[in-house]
Student: 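I have a structure here, written as structure tokens, and I will follow up with some questions on it.
So that the names make sense, note that chain A is the first sequence line, chain B the second, and so on, each numbered from 1.
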There are 2 protein chains.
Amino acid sequence: MSTERGYHHGDLRTALVQASFELLADGGLQRFSVAAVARRLGVSSAAPYRHFPDRAHLLGAVSAAAARDLGTAITAAADAAGPDPAERLAAVAGAYVRYVARTGAGFQVIYAAELYDFPDDARREQTRALMTTLIDLATATGSSSFQEALQLVEATIAVAHGYTSLLADGFFARKAHSADAVADRATAATRALVTRPRR
Amino acid sequence: MSTERGYHHGDLRTALVQASFELLADGGLQRFSVAAVARRLGVSSAAPYRHFPDRAHLLGAVSAAAARDLGTAITAAADAAGPDPAERLAAVAGAYVRYVARTGAGFQVIYAAELYDFPDDARREQTRALMTTLIDLATATGSSSFQEALQLVEATIAVAHGYTSLLADGFFARKAHSADAVADRATAATRALVTRPRR
DNA sequence: GTCTATATCTAGATAGAC
DNA sequence: GTCTATCTAGATATAGAC
């Protein structure tokens, strides 16, 4: 890892978002800072402010990109899981765990509290599309109402997010669970959830 | 909320732990700081350091107390749920959601990464006892091995922690879900998990 | 479009007065 | 046992040079 400082040539805006993901994967939202992103790219701490007015706007761009990429990953995983609706929804949980383990950008970033007051149109469109994808997958399992489908989405996301949080918080550290192993458990748990009717 | 400064008379050590819980309930671990705890009690920022050598030791005391109280809450909820082992384990998830919604101190605090290097005997004993309680409740559902019971505990905790995280991260904010409503969903989800065999 | 330099703020932690 | 005062470190953000 080089710490040399130099003039950045190219698309710094894109590079800042990319470096933010790397930083999140390394240390989570807790250690995310504009200064650290700049450091990682070898530019001055002032450089990011030419492209984003403040921390929230940079994080908002990361949030939008994460919502988009997570949606893509989820759709791909569902399609790879075959035609059975229950298997397709179960695959969502696995895809979520894998995506967050790889990028560090789960719902705690996509829906970060500090972004609540910054309604960015691009970001809102991505989160809306992601939610639509999830609702559709849940509805296909035979939900009799939107409410029921929504609750199934919530349960699926809760399971997946719960496993990733425990993974990130070091709960599994001693056992050295791999991200793939945890993803498989999240998938199995969601399969149980969807196969058996909820109350 | 008063911000007046005054000499603290009484058990400041206990008051610091108590105020830490209030701070966690308000803003989560992200906004926890020794300075903020002192501010909340109206004492100087130096005062806490007479009772705890550093931030980690204060947080460690909070972690130990949370593990103890959470264990008590879980045992009480299981007992209130009756004799059926599946219902008892399902009640654990509900109790977890309610405890964390009330205190802010869940596994992300109890097993905080920053405490990993500070093996405090008192804290370790509380976390060990909590884990034993959980394993016993899981084993009673008919697990054929310790490994299987452990995985069931992980699944139960993942579900409960997932729901609380989504609650804390504002995912449910727009719908104004109450903590009790979310706790009921966590209970129902865990019931589905334990009733149906996992792979 | 990025740099250096700087102002402001907050937190962790310590020294010495009372 | 708590205070005031202070040091250090890191973050956000801005001003002005190049």
Side-chain angles (χ1 to χ4, degrees), chain A residues 1-20 22-24 26-63 109 112-118 120, chain B residues 1-20 22-24 26-63 109 112-118 120:
Chain A
M1 187 194 316
S2 156
T3 51
E4 58 183 317
R5 174 77 59 82
Y7 206 93
H8 191 271
H9 299 280
D11 190 352
L12 181 56
R13 190 193 157 93
T14 301
L16 286 165
V17 173
Q18 173 58 33
S20 294
E22 295 170 15
L23 196 60
L24 288 169
D26 274 13
L29 192 55
Q30 215 135 42
R31 280 197 269 193
F32 172 86
S33 76
V34 178
V37 175
R39 228 179 283 127
R40 179 173 282 263
L41 288 174
V43 297
S44 78
S45 64
Y49 292 94
R50 284 290 124 188
H51 301 273
F52 299 97
D54 55 28
R55 168 191 162 106
H57 281 79
L58 170 54
L59 200 57
V62 173
S63 166
V109 170
E114 57 186 301
L115 298 180
Y116 196 81
D117 297 327
F118 290 78
D120 168 9
Chain B
M1 184 193 318
S2 157
T3 50
E4 59 184 314
R5 175 77 60 82
Y7 206 94
H8 191 271
H9 299 280
D11 189 352
L12 181 56
R13 189 193 158 93
T14 300
L16 286 166
V17 173
Q18 173 59 34
S20 294
E22 294 170 16
L23 196 60
L24 288 169
D26 274 13
L29 191 54
Q30 214 135 43
R31 281 197 268 191
F32 172 86
S33 75
V34 178
V37 175
R39 230 178 281 128
R40 180 173 280 263
L41 288 174
V43 297
S44 77
S45 63
Y49 293 94
R50 284 291 124 188
H51 300 274
F52 299 97
D54 54 29
R55 171 193 161 104
H57 281 81
L58 170 54
L59 200 57
V62 174
S63 165
V109 171
E114 56 187 301
L115 298 180
Y116 196 81
D117 298 327
F118 290 77
D120 168 11

Student: With sequence neighbours left out, write down each residue that passes side chain to side chain contact (heavy atoms under 4.5 Å, CB included) with B/S63, or none if nothing qualifies.
Tutor: B/I110, B/L115, B/R123
Student: What is the separation between atom CZ on A/R39 and atom P on D/dG10, rounded to the nearest whole Å?
Tutor: 8 Å
Student: Expressed in angstrom and rounded to an integer, what is the separation of B/L59 atom CG from C/dG12 atom P?
Tutor: 11 Å
Student: Rounded to the nearest Å, what distance is computed from the CG atom of residue B/D11 to the C1' atom of nucleotide D/dT2?
Tutor: 15 Å
Student: So which one's nearest nucleotide on DNA chain D is more toward 5', B/H51 or A/S33?
Tutor: B/H51
Student: Under the side chain to side chain donor-acceptor pair (under 3.5 Å) definition, can you give me all pairs with a residue in residues 26-36 of chain A, not counting sequence neighbours?
Tutor: A/D26-A/R40
Student: Between atom CD in A/Q30 and atom P in D/dA11, what is the gap in whole Å?
Tutor: 13 Å
Student: Whole Å only: how far is the CG atom of A/L58 from the P atom of D/dT12?
Tutor: 10 Å
Student: By side chain to side chain donor-acceptor pair (under 3.5 Å), which residues pair with B/D54, not counting sequence neighbours?
Tutor: B/H57
Student: Which whole-number value in Å describes the distance from A/L23 CG to D/dG10 P?
Tutor: 15 Å
Student: What pairs with B/H51 under side chain to side chain contact (heavy atoms under 4.5 Å, CB included), at least two apart in sequence or on another chain?
Tutor: B/L12, B/R13, B/L16
Student: Give me the one residue out of B/V37, B/L59, B/L58 that meets side chain to side chain contact (heavy atoms under 4.5 Å, CB included) with B/F52.
Tutor: B/L58
Student: Rounded to whole Å, please give me the gap between NE2 in B/H57 and P in C/dG12.
Tutor: 15 Å
Student: Show each protein N/O and nucleotides 13-18 of chain D N/O combination with a separation under 3.5 Å, one pair to a line.
Tutor:
unit_1: D/dA13; atom_1: OP2; unit_2: A/R55; atom_2: N; d: 3.0

Student: I'd like to check the side chain to side chain contact (heavy atoms under 4.5 Å, CB included) partners of A/Y49; sequence neighbours left out, ordered by chain and number.
Tutor: A/V34
